[in-house]
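Here is the structure we will look at.
Note that the coordinates shown come from a computational prediction; the quantities given were computed from them, not determined experimentally. Side chains are part of it too, since the values below use all heavy atoms of this structure and drop only hydrogens, waters and symmetry mates.
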Amino acid sequence: MLKIYNTLGNYKEEFVPIDSSNIRIYACGPTVYNYAHIGNARMAVANDLLVRLLRTIYPKVTYVSNITDIDDKIIETSAKKNIPFKDLTRKFEKIYNEDMLSLGVLPPDIQPRATDHINEMIELTKKLIKNNHAYIKEDHVLFHVPSFKKYGCLSKRNREEQILGSRVEIAPFKKDPADFVLWKPSSNNVPGWQSPWGFGRPGWHLECSAMSEKTLGLPFDIHSGGMDLTFPHHENEIAQSCGAYNKTNDPKSFAKYWFHNGFVIVEGEKMSKSIGNIKLVHDLINNFSGEVLRLTLLSSHYRQPLNWTVDSINQSKNMLTRLYRELKDLDDIDINNSDYKVPDNIMAALCDDLNTPKALAELNLLANKISSSSASEKIIIKGEILAIGKLIGILQDNPKKWLGYGHSEGLDNDTIEGLIKNRNEARRNKNFTLADSIRDELKSKGIEIEDTKNGTIWRSEI
RNA sequence: GGCUCGGUGGCAGAGUGGUUAUGUAGGGGCCUGCAAAGCCUUGCACAGCGGUUCGAUUCCGCUCCGAGCCUCCA
């Protein structure tokens, strides 16, 4: 039984599908005007894991994650760089997908773009006007928040208190301070589309309401995104999608479960432009394998804040190295892929609101058992480790390759083999000073050697 | 000011009303010419103060500290 924490209600609850033959999930994707940072990656990895887990339980999962390719930050950036906004967004959409793939994130089944759904957004806005949830004022269309009684149900906010504590300047054309824009005018040099309310562009919440309905139908099972999207983005989506169909008393007529991942902080500090500590996947991938980055993201529970530190990355790297070493030692054991089975205790941990730290602890315990296991037990353990790895998206590489055995980026293999031969010659002659100096020389070139009972083997330091 | 969520061993990070988390880093040992790798073994912990309890790190209250949202944000 899968349990997930539902922000709509703030408690962990059993996942009961709307239609168990097709689980439908929508994750708010990136606004593509820059490289993806590690926070974007955490969202993608958390949802990827959820989808992978759902796929092991249910026959079909439809995973939708959008690309926001029109918004004011995009417009600003394209103006500043003097390139058409479409060129900008297509470029970073491509980079985003490449970066996520390097983290082992499987592509969503559908990745809709906001600009391909302008008509749907216009239709949705028309419905909201017709249902008296929206009004037209000074070329804007605004959602009237007091018309939606359940407003605040997701973020547990009381409107009056919000207004009192508000530090936001309120646009003069709003009937109510909480009203938000569905459609706004664009001047000639700003991207826009023709609409019944003139040339303009959508407000930023509207796209997800339109695209989720179009791609998944209403209601769907899970809606996800970063914690910060809870308010106002997801709150407004609920208002729009429920208001369009006059289901204002039933937020679950839009999406049943709300799944939100926590933030990434960097070396104990908030990740922000002003501190200048934004970690881009594009840069990290030059220094660490995607698998290491993925494991680092999975090493804390998805709802907890994740402290991204050099130490935490190295820890993940060391853990993977150790596990790959175990697998390398089991290299000569052939197993049938179809016999893979994720052990019950690890399934249970993952089904308990994606408790990845617990699952990883169990994985380590499983690996610890190898040294004291019989040959037949080792077959089972190897299969289980690979099955777990497949589920959570790690350990699928060739162990020798991953560990760097037998290939070098610096010295060529013949030179290395030659030096090892000389060293072993020296060892036979008990000339350990020479032997050790050869080893040191190799080490300085990034080559580590291991003397085993089957001879000397070498690997590049990872 | 309002709403959420946290404070666990050097570090990372689960969990539990009484029993080992796990990893990583350290200590000791085996192996090795010495290493590396592996194996065995071992410290170190539950922010503070009250309360409930036979017993609390785990439940309740308060205090202190921290994070996020309330404005664009994953």
Side-chain angles (χ1 to χ4, degrees), chain A residues 7 10 27-31 36-47 71-73 76 152 155-170 178 204 224-233 235 260-265 268-273 278 295-296 298-301 303-323 325-326 328-329 349 352 355-368 370-372 403 426-428 430-433 435-436 439-440 443 448-453 456-459 461:
Chain A
T7 311
N10 268 6
C28 282
T31 303
H37 55 66
I38 199 67
N40 300 111
R42 189 180 198 194
M43 186 287 285
V45 168
N47 280 279
D71 122 311
D72 286 0
K73 287 188 301 295
E76 262 172 51
S155 54
K156 283 89 148 177
R157 271 158 222 274
N158 172 305
R159 257 172 34 78
E160 284 69 33
E161 285 163 352
Q162 289 304 305
I163 294 161
L164 283 174
S166 177
R167 285 172 279 144
V168 190
E169 212 173 308
I170 296 153
W204 77 291
S224 56
M227 212 81 115
D228 55 320
L229 295 184
T230 309
F231 189 92
H233 186 55
E235 201 73 70
H260 290 108
N261 63 275
F263 262 47
V264 177
I265 56 177
E269 281 190 303
K270 183 184 170 156
M271 182 165 70
S272 77
K273 273 184 187 153
I278 295 188
L295 183 62
T296 309
L298 293 174
S299 65
S300 78
H301 184 86
R303 279 189 288 112
Q304 293 303 120
L306 172 66
N307 191 9
W308 188 264
T309 65
V310 174
D311 272 0
S312 64
I313 306 171
N314 282 329
Q315 239 170 255
S316 300
K317 187 168 112 178
N318 291 341
M319 179 179 154
L320 275 178
T321 301
R322 184 262 182 149
L323 290 170
R325 280 213 165 97
E326 304 278 10
K328 173 184 152 283
D329 291 344
D352 182 16
N355 192 341
T356 49
K358 172 84 173 163
L360 292 170
E362 297 292 346
L363 171 60
N364 281 311
L365 286 169
L366 186 63
N368 288 345
I370 292 173
S371 63
S372 59
L403 294 165
R427 287 170 72 207
R428 267 195 296 279
K430 307 266 187 231
N431 187 349
F432 296 121
T433 314
D436 290 351
R439 183 170 62 199
D440 290 344
K443 172 105 177 155
E448 188 90 57
I449 59 177
E450 297 169 21
D451 296 325
T452 73
K453 60 185 173 198
T456 303
I457 57 175
W458 61 275
R459 63 184 184 92
E461 285 177 311

How is His301(A) classified with respect to the nucleic acid when contacts are heavy atoms under 4.0 Å: base, sugar-phosphate, or nothing? sugar-phosphate
Reckon Asn368(A) has a side-chain N or O less than 4.0 Å from the OP1 or OP2 of G23(B)? yes
Whole-Å P distance, A45(B) and U53(B): 29 Å
His260(A) NE2 to A67(B) P: how many Å, rounded? 22 Å
Nearest-Å distance for atom pair CD1/C1', residues Ile265(A) and G7(B): 12 Å
Output the single nucleotide from A74(B), A12(B), C72(B) whose closest atom is nearest the side chain of Asn307(A). A12(B)
Watson-Crick/G-U partner (both atom distances under 3.5 Å) of U71(B): none
Inter-nucleotide C1' distance (G66(B), U8(B)), Å rounded: 15 Å
Applying the 3.5 Å cut-off to both distances, the Watson-Crick or G-U partner of U53(B) turns out to be none
Establish, with yes or no, whether the OP1 or OP2 oxygen of U4(B) is under 4.0 angstrom from a side-chain nitrogen or oxygen of Asn10(A). no
Donor/acceptor link under 3.5 angstrom from Asp436(A) side chain onto base of G33(B): yes
Starting at the 5' end of RNA chain B and moving along, which residue's nearest nucleotide shows up first, Asp228(A) or Lys156(A)? Lys156(A)
Out of A74(B), U22(B), C70(B), minimum distance to the side chain of Pro232(A) belongs to C70(B)
Distance-only polar pair, side chains of Ser300(A) and Arg42(A), donor-acceptor under 3.5 Å: yes
What's the CZ-P distance between Arg42(A) and G68(B), to the nearest Å? 13 Å
Give me the distance, rounded to whole Å, that separates C40(B) from C31(B) when you measure between the P atoms they each carry. 15 Å
Sticking with atom C1', work out how far G68(B) lies from C60(B), rounded to a whole angstrom. 26 Å
Partner lookup for A36(B), please. Criteria are Watson-Crick or G-U wobble with both distances under 3.5 angstrom; report none if nothing qualifies. none
Rounded to whole angstroms, how far apart are CG on Asn364(A) and P on A21(B)? 15 Å
Contact summary for Gly262(A) and Met227(A), nearest pair of heavy atoms: CA-CE, 4.0 Å
Could you work out the separation of G9(B) and A25(B) based on their C1' atoms and round it to a whole Å? 12 Å
Any side-chain N or O of Ser372(A) under 4.0 Å from OP1/OP2 of C39(B)? no
Between Asp71(A) and Thr31(A), is any side-chain donor less than 3.5 angstrom from a side-chain acceptor? no
Between P on C72(B) and CD1 on Ile278(A), what's the gap in Å once rounded to a whole number? 17 Å
If you find the nucleotide of RNA chain B closest to Gly262(A) and the one closest to Asp311(A), which residue's nucleotide is nearer the 5' end? Asp311(A)
Heavy atoms only: give me the nearest Ile278(A)-Met271(A) pair and the separation to one decimal. CA-CG, 3.6 Å
Whole angstrom is fine here: how far is it from CG in Leu365(A) over to P in G15(B)? 15 Å
Starting at atom CG of Leu320(A), determine the distance to atom P of A12(B), rounded to an integer number of angstrom. 20 Å
Does the structure show Phe263(A) stacking with A74(B), if we require the centres to be closer than 5.5 Å and the planes to be within less than 30 degrees of parallel? yes
Which value, in whole Å, describes the distance between the P atoms of nucleotides C11(B) and C64(B)? 25 Å
Would you please name every residue forming a ring-ring contact (aromatic ring centres under 6.0 Å, His included) with His233(A), sequence neighbours left out? Trp204(A), His205(A)
One thing to verify: whether Lys443(A) and Asp440(A) come together as a salt bridge, which I'm taking to mean a side-chain N less than 4.0 angstrom from a carboxylate O. no
For C64(B), give the paired nucleotide (Watson-Crick: N1-N3 plus N6-O4 or O6-N4; G-U: N1-O2 and O6-N3; both under 3.5 Å), or none. G7(B)
Checking N1-N3 plus N6-O4 or O6-N4 for Watson-Crick, or N1-O2 and O6-N3 for wobble, each under 3.5 Å, the partner of A21(B) is none
Indicate, with a heavy-atom threshold strictly under 4.0 Å, whether Thr452(A) touches base, sugar-phosphate, or nothing. nothing
Can you tell me how far C1' in A47(B) sits from the matching atom in A56(B), rounded to whole Å? 15 Å
Rounded to the Å, how far apart are Met319(A) CE and A25(B) P? 13 Å
Per the atom types in the model, does the base of A35(B) pair as donor or acceptor with the side chain of Arg439(A) at under 3.5 Å? yes
Rounding to an integer number of angstrom, what distance separates C34(B) and G13(B) when you compare their P atoms? 40 Å
So which heavy atom on Asn355(A) is nearest to which on His301(A), and how close? CA-ND1, 3.9 Å
